[in-house]
Amino acid sequence: MKAKKVLFITQEIIPYVPESPLALAGRTIPQSVQECGHEIRTFMPRWGNINERRNQLHEVIRLSGMNIIIDDTDHPLIIKVASIQSARMQVYFIDNDDYFHKRQMMFDENGQEYTDNVERAIFYARGVLETVKKLRWCPDVIHCQGWMSAIAPLYIKTAYREDPPFANARVVYSDFNVYPTTGLGERFAESLAFRGASIDLLERQGVDLSAPDALGQMAAGFSDGLILAEGQDAGSLAQFAAAHNIPTLANPVGTDKEKAQAYSDFYEQVFGM
């Protein structure tokens with residue numbers, strides 16, 4: 001397979017956050033794909049439980065400074081970066097005081113789920129895409145991992161589709177079958193709206209906005225390929241993908257090298273569509 005540029009928009013990466021299936025995938029998949037000869041860029045949120053000093057995060061001034069408007073409110077975008085030396089992997093962090101810096105991940109310190117998690121995902125998606133534009137880096141494949149990245153495919157295929165970094169990119173979404181349980185929020189339509197992206201597009205795509213996996217349906221519906229979590233082959237998201245003729249890959253197993261090869265083959269499949 002010809003070497004490609006792969007952008008990872010992921011939710012969690014160890015060692016920055018505690019180990020979980022998603023955090024492990026966020027670390028091993030980009031590293032393994034890079035070791036297969038592809039060029040990568042990796043993004044994750046700057047969650048409030050990340051120790052900046054220990055992990056040596058520092059702000060990238062030239063990429064920071066813009067405001068992202070969500071539902072008529074300005075939210076400053078801050079970009080930070082750090083490196084995982086053992087993996088030769090650089091990670092960009094999307095930060096904002098209201099959404100990430102002073103807050104934990106899906107749940108707060110008392111175990112309560114944040115009610116604006118979907119709005120945080122909207123900010124994260126737009127923050128990543130605006131930063132990639134500033135980097136002037138044009139990925140061939142954009143691999144989104146986890147519910148926090150689920151809004152990105154919609155924006156890539158609508159609001160940002162004519163921007164050079166995304167015009168020819170193929171999008172793959174890795175689902176981990178974990179989603180916020182508090183719903184999309186009362187002002188989801190207003191928060192989502194940006195350029196050509198709107199809630200009407202989701203409804204026309206057949207997304208069930210009241211479903212527990214509504215974010216997954218959004219991501220799959222605007223992706224060129226779907227990677228399912230282990231044991232998810234017969235789930236509702238798999239059925240949604242089949243109904244919409246979305247190429248699907250069961251979560252690869254085996255060594256990291258074997259998994260990376262499976263991902264590379266899947267990238268080639270969706271890129272050749």
Side-chain angles (χ1 to χ4, degrees), residues 2-10 38-45 60 62-79 92 94 96 118-145 148-174 188-207 209 215-226 241 244-247 266-273:
K2 181 182 177 182
K4 287 184 167 45
K5 296 179 179 178
V6 184
L7 169 64
F8 286 93
I9 306 176
T10 194
H38 304 296
E39 181 182 342
I40 69 167
R41 295 286 186 278
T42 305
F43 283 79
M44 71 172 286
V60 185
R62 68 182 180 87
L63 298 176
S64 300
M66 75 172 295
N67 286 337
I68 292 179
I69 301 173
I70 297 177
D71 195 11
D72 295 327
T73 302
D74 284 354
H75 299 277
L77 174 63
I78 302 169
I79 307 300
Y92 291 93
I94 298 297
N96 171 269
V118 174
E119 188 174 317
R120 299 168 83 199
I122 290 170
F123 178 87
Y124 177 53
R126 288 181 55 189
V128 171
L129 300 180
E130 292 293 345
T131 304
V132 172
K133 285 172 59 177
K134 285 189 176 182
L135 289 171
R136 298 184 179 180
W137 189 73
C138 299
D140 300 303
V141 177
I142 302 173
H143 190 156
C144 303
Q145 295 179 296
M148 179 55 71
S149 72
I151 304 291
L154 167 65
Y155 282 137
I156 293 165
K157 296 294 186 177
T158 56
Y160 291 85
R161 65 181 179 181
E162 295 182 358
D163 290 313
F166 313 111
N168 299 311
R170 297 293 187 268
V171 183
V172 172
Y173 176 66
S174 279
F188 173 69
E190 293 84 355
S191 299
L192 180 73
F194 178 63
R195 295 181 183 170
S198 70
I199 197 170
D200 295 340
L201 290 177
L202 301 177
E203 294 171 342
R204 290 201 295 270
Q205 192 72 5
V207 175
L209 298 175
L215 282 175
Q217 292 183 31
M218 289 181 214
F222 290 88
S223 292
D224 301 293
L226 172 67
H244 290 78
N245 298 313
I246 301 166
F266 193 57
Y267 296 158
E268 187 68 27
Q269 177 184 346
V270 299
F271 199 81
M273 292 171 57

- prompt: CG of Asp200: more than 12 outside heavy atoms within 6.0 angstrom?
  reply: yes
field: Row check, Phe166 ring normal vs Arg161 NZ/CZ: under 6.0 Å, within 45°
entry: no
- request: Compute both the distance and the angle, then confirm whether Lys4 meets the cation-pi test with Tyr267: under 6.0 Å from the six-membered ring centre, within 45 degrees of the axis.
  value: no
With Arg120 via side-chain hydrogen bond (donor to acceptor under 3.5 Å, both in side chains) - residues at least two apart: Asn117
statement: Paired with Asn67, the side chain to side chain contact (heavy atoms under 4.5 Å, CB included) test is passed by just one of Thr73, Asp74, Asn96, namely Asp74
query: Can you tell me how far CD1 of Ile69 sits from OG of Ser191, rounded to the nearest 0.5 angstrom?
result: 13.0 Å
Over all atoms of both residues, closest heavy-atom pair of Arg195 and Tyr160: NH1-CD2, 3.9 Å
query: Looking at side-chain heavy atoms only, is the closest gap between Phe123 and Leu77 below 4.5 Å?
result: yes
message: For Ala152 versus Cys144, what's the shortest heavy-atom pair and its separation?
response: CB-SG, 4.0 Å
message: Can you confirm if the NZ or CZ of Arg41 lies within 45° of the ring axis of Phe8 and under 6.0 Å from the centre of its six-membered ring?
response: no
Flag side-chain contact, heavy atom, 4.5 Å: Leu7 against Ile40: no
Name the atoms and distances for all side-chain donor-acceptor pairs under 3.5 Å in residues 215-223, with sequence neighbours left out.
unit_1 : atom_1 : unit_2 : atom_2 : d
Gln217 : OE1    : Asp208 : N      : 2.8
Gln217 : NE2    : Asp213 : OD1    : 3.1
Ser223 : OG     : Ala219 : O      : 2.6

- request: Report yes or no: do Ser174 and Gln145 form a side-chain donor-acceptor pair below 3.5 Å?
  value: no
message: I'd like to know whether the aromatic ring centres of His143 and Tyr173 sit less than 6.0 Å apart in this structure.
response: no
- prompt: Rounded to the nearest 0.5 Å, what separation is found between the CE atom of Met66 and the CD1 atom of Ile78?
  reply: 13.0 Å
- prompt: Once the angle between the rings of Phe43 and Tyr92 is folded into 0 to 90°, is it parallel (under 30°), tilted (30 to 60°) or perpendicular (over 60°)?
  reply: parallel
- prompt: What's the verdict on side chain to side chain contact (heavy atoms under 4.5 Å, CB included) for Thr158 and Leu201, showing C-alpha distance, side-chain angles and the deciding distance?
  reply: CA-CA 9 Å; Thr158 56; Leu201 290 177; 3.6 Å; yes
- prompt: Any sub-3.5 Å donor-acceptor pair from Arg126's side-chain atoms to Tyr155's backbone N or O?
  reply: no
task: Would you name the heavy atoms of Ala241 and Leu226 that are closest together and state the gap between them?
output: CB-CD2, 3.6 Å
- request: Indicate the atoms forming the closest heavy-atom contact of Phe271 with Asn168, along with that distance.
  value: CE1-O, 4.2 Å
query: Which atoms form the tightest heavy-atom contact between Ser149 and Ile9, and what is the distance?
result: CB-O, 3.3 Å
field: Taking every non-hydrogen atom, the tightest pair across Asp224 and Pro247
entry: O-CD, 3.3 Å
- prompt: Under a 4.5 Å cut-off applied to non-hydrogen side-chain atoms, are Asp71 and Phe188 in contact?
  reply: no
- request: Determine whether Glu119 and His75 make a side-chain contact, defined as any pair of heavy atoms from C-beta on separated by less than 4.5 Å.
  value: yes
field: Gap between atom CD1 of Ile94 and atom CD1 of Ile68 - 0.5 Å precision
entry: 7.0 Å
Distance-only donor-acceptor hits, side chain of residues 133-142, under 3.5 Å, sequence neighbours excluded:
unit_1 : atom_1 : unit_2 : atom_2 : d
Lys134 : NZ     : Leu63  : O      : 3.2
Trp137 : NE1    : Glu39  : OE2    : 2.8
Asp140 : OD2    : Lys5   : N      : 2.8

